[in-house]
Structure formats: C-alpha cells, structure tokens
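The structure under discussion appears below in the form of structure tokens.
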Amino acid sequence: MFEVTDLTVHYDGAMALNCVNLKVEDGEFVGVVGPNGSGKTTLLRAVSGVLTEVEPGKKERPSLSGTIVFDKKRIEKLDPWQIAKMGIIHCPERRRPFAEMTTLENLQLGAYLRKDKEGIKKDLERVYELFPVLKERKNQMSKTLSGGEQQMLAIARALMSKPKLLLIDEPSLGLAPILKETVLKCIKEIWLSGVTILLVEQDVAITLATAQRIYVLAHGRIATQGTKDELMKDRDVREIYLGL
C-alpha cells in the first residue's frame, strides 16, 4: 500500500533523515519509535507533503530525495492537499486545533475535501461514538479544551477526512496515563475498523503494545525493525534502542 525508499531530508545542510526505507501493507498497524531528534516527525511531514515551508528557526526549505509511493503512485512531489485527497491523512504532533473555531467546526474542516454529505454525517456520528466528550463539547471553542480532549479532536478531525492511511504523530505526548489509555484504545478501534495506521511514538511501551510491526529510528536512519517478539529477543536492541 505504501513504501518509502532511500528517503533523505536535509535541514539547513544538516541531515534529518538518511536513506530511510519503510513500508506499510494495506490494513497494517505499523509503529515508528525513537528518541527526540531521531527524525520521526520529519518522516511524517515528508510523507504528507508539508516539508515545503521554512520552519521557525530555520534559514531555508528542507531538501528531499528518494521516493514515496502510495497505492502504486509516486507522491513525493505532490502538494499536501493532493496527498490528502488520495487518502493519506496526517494527525500532527501537539494536536494543533483551529483555536478560534468550535469543536464541531474543526471536525467539519476535516471533511473539507469530501462531497458525500450523507457519508460525512455518518462519520460525524461515528467520531462522536468513539469520543463522546467531543459531542458534549461540540459548541465549545477548541482552544478551551483540555490536552486530552484536544488530542481526541485531532484524531477525530483526521478521521473525518476518511483516511486510507492515517499518520499519527506522538498522540500520548503530555497526557496523563489514564488519558493515554483512552486515546490509544480509540486508535486501536480505528485500526480494527479497517484504517491502515502509521504511528510515531517516543513511548516505546505504547508502540510495543499496539503496533504489529515496529521500525526503530535513530540518528535519522532505520536502526532495526521487526515485530514486538523479534525486537524483544535481541538484548542489544532492548538496551540500546528501546531502553528496556
């Protein structure tokens, strides 16, 4: 369904990703783990096409080489909206709601590229079933939601785009343990409903507990990959890369 080959990204001359190779099969739940600065967020930004702007603190646009193929089509040179229209939807790190809009307006914006009114209505009810608190807060300004509620909103907004491949960046960041469990349970339900997921997480335990296969990213490169059982059998991988 999706494959990255020799993906290399430079920021201001510094290498953020170095010849990364990764693939996701249709219906899979794949995780990417690694410490801060390992290139996890850059990977997702490259896939969703948002590495086109100069970021705060950077002097120039990042450069990208390599290939990204989705559904047998190369997408590395497409605009973000074209990639989203194909079905790759990015749920970003730190939630990023449209602060001056209500919860409902944020969800409606998630369906911006869609034309199927009945389908949108059904999906809105679906996300309300997954996240009942969002229905309770539908008329509340999104900036006033708690951190956990904003994370639920970010995932729900991504679902409203009807993703084929859902990219989720650090959903547990800054959440209390009980909220982490709630959010991750919902992500698992989304996967079981038929959505292919690529999850980026710094929390190794969460990824090991949810993903079918896991890539370990270190210093911009894939250090190793495998199932939970395969990774846990290797003592060096456990100690050096997983911190277990």
Whether K40 side chain and G34 backbone form a donor-acceptor pair below 3.5 Å: yes
Residues that D116 engages under salt bridge (Lys or Arg N to Asp or Glu O under 4.0 Å), provided they are two or more places apart: R114
Heavy-atom closest pair, residues L153 and P97: CD2-CB, 4.1 Å
Connected via hydrophobic side-chain network under 4.5 Å: V195 and V30: no
K185 side chain reached by E189 side chain, heavy atoms, under 4.5 Å: yes
R157 side-chain N/O to L107 backbone N/O, donor-acceptor pair under 3.5 Å: no
Expected output: side-chain Q151 to main-chain G148 donor-acceptor under 3.5 Å: no
Spacing of CD belonging to E3 relative to CZ belonging to F70, to within rounding of 0.5 Å: 13.5 Å
L145 CG to T103 OG1 distance, which is reported to the nearest 0.5 Å: 4.0 Å
Side chain to side chain contact (heavy atoms under 4.5 Å, CB included) assessment of M86 paired with K73: CA-CA 10 Å; M86 290 177 70; K73 299 180 183 70; 4.0 Å; yes
Side chain to side chain contact (heavy atoms under 4.5 Å, CB included) assessment of L51 paired with T42: CA-CA 8 Å; L51 281 179; T42 297; 4.3 Å; yes
Student check: side-chain heavy atoms of F131 and R137 closer than 4.5 Å: no
Cluster link I89 to L78, ILVMFWY, side chain under 4.5 Å: no
Any donor-acceptor pair under 3.5 Å from Y215 side chain to K23 backbone: yes
Heavy-atom side-chain contact between L208 and I206 under 4.5 Å: no
Separation of T182 OG1 from I187 CD1 (nearest 0.5 Å): 11.0 Å
Transitive ILVMFWY side-chain link L173 to V183, under 4.5 Å: no
Cluster check I88, I190: I/L/V/M/F/W/Y, side chain < 4.5 angstrom: no
Atom pair NZ (K77) and CD1 (I75), whose distance is rounded to the nearest 0.5 Å: 13.5 Å
Just list the side-chain donor-acceptor pairs under 3.5 Å for residues 161-170, sequence neighbours left out, or say none.
unit_1: S161; atom_1: OG; unit_2: G110; atom_2: O; d: 2.5
unit_1: D169; atom_1: OD1; unit_2: T41; atom_2: OG1; d: 3.4
unit_1: D169; atom_1: OD2; unit_2: T41; atom_2: OG1; d: 2.8
unit_1: E170; atom_1: OE1; unit_2: Q202; atom_2: N; d: 3.0
unit_1: E170; atom_1: OE2; unit_2: Q202; atom_2: N; d: 3.4

Between CG on residue L184 and SG on residue C186, distance to nearest 0.5 Å: 9.0 Å
Closest non-hydrogen atom pair, A46 against I68: O-CD1, 3.7 Å
Sequence-distant partners of F2, ring pair (Phe, Tyr, Trp, His ring centres under 6.0 Å), two or more places apart: none
T144 side chain vs Q140 backbone, donor-acceptor pair below 3.5 Å: no
Among L217, T8, D6, side chain to side chain contact (heavy atoms under 4.5 Å, CB included) partner for L17: L217
Criterion side chain to side chain contact (heavy atoms under 4.5 Å, CB included) on V133 and M152, from CA distance to verdict: CA-CA 9 Å; V133 69; M152 294 175 195; 3.6 Å; yes
Set of residues satisfying side-chain hydrogen bond (donor to acceptor under 3.5 Å, both in side chains) with respect to S142, sequence neighbours excluded: N106
Nearest atoms (heavy-atom pairs only) where A223 meets A218: CB-CB, 4.3 Å
Stepwise side chain to side chain contact (heavy atoms under 4.5 Å, CB included) test for L44 and L198: CA-CA 9 Å; L44 294 194; L198 180 60; 3.9 Å; yes
Heavy-atom pair with the smallest gap, counting every atom of G31 and T207: CA-CG2, 3.8 Å
Within-4.5 Å side-chain heavy-atom neighbours: T5 and V69: no
Path from V204 to F29 over hydrophobic side-chain contacts below 4.5 Å: no
Pairs touching residues 96-112 that satisfy salt bridge (charged side-chain N to carboxylate O under 4.0 Å, His left out), sequence neighbours left out: E100-K143
Side-chain heavy-atom pair K122, E125 within 4.5 angstrom cut-off: no
Contact check, side chains of T196 and E25, non-hydrogen atoms, under 4.5 Å: no
Close side-chain approach of K138 and Y128, heavy atoms under 4.5 Å: yes
Any side-chain heavy-atom pair of V32 and L199 under 4.5 Å: no
Considering all heavy atoms, the nearest L64-E76 contact: CD2-CB, 4.1 Å
Heavy-atom donor-acceptor pair, E149 side chain to S146 backbone, under 3.5 Å: yes
Check: G27 main-chain N/O paired with W191 side-chain donor or acceptor under 3.5 Å: yes
S172 and E201 side chains, donor-acceptor separation under 3.5 Å: yes
Crowding at CG, L192 (>12 non-hydrogen neighbours, <6.0 Å): yes
Least distance between heavy atoms, L109 atom then M101 atom: CD1-SD, 3.4 Å
Between OG on residue S65 and CG on residue L7, distance to nearest 0.5 Å: 7.0 Å
Qualifying salt bridge (charged side-chain N to carboxylate O under 4.0 Å, His left out) pairs with a residue from residues 221-234, counting only residues at least two apart or across chains: none
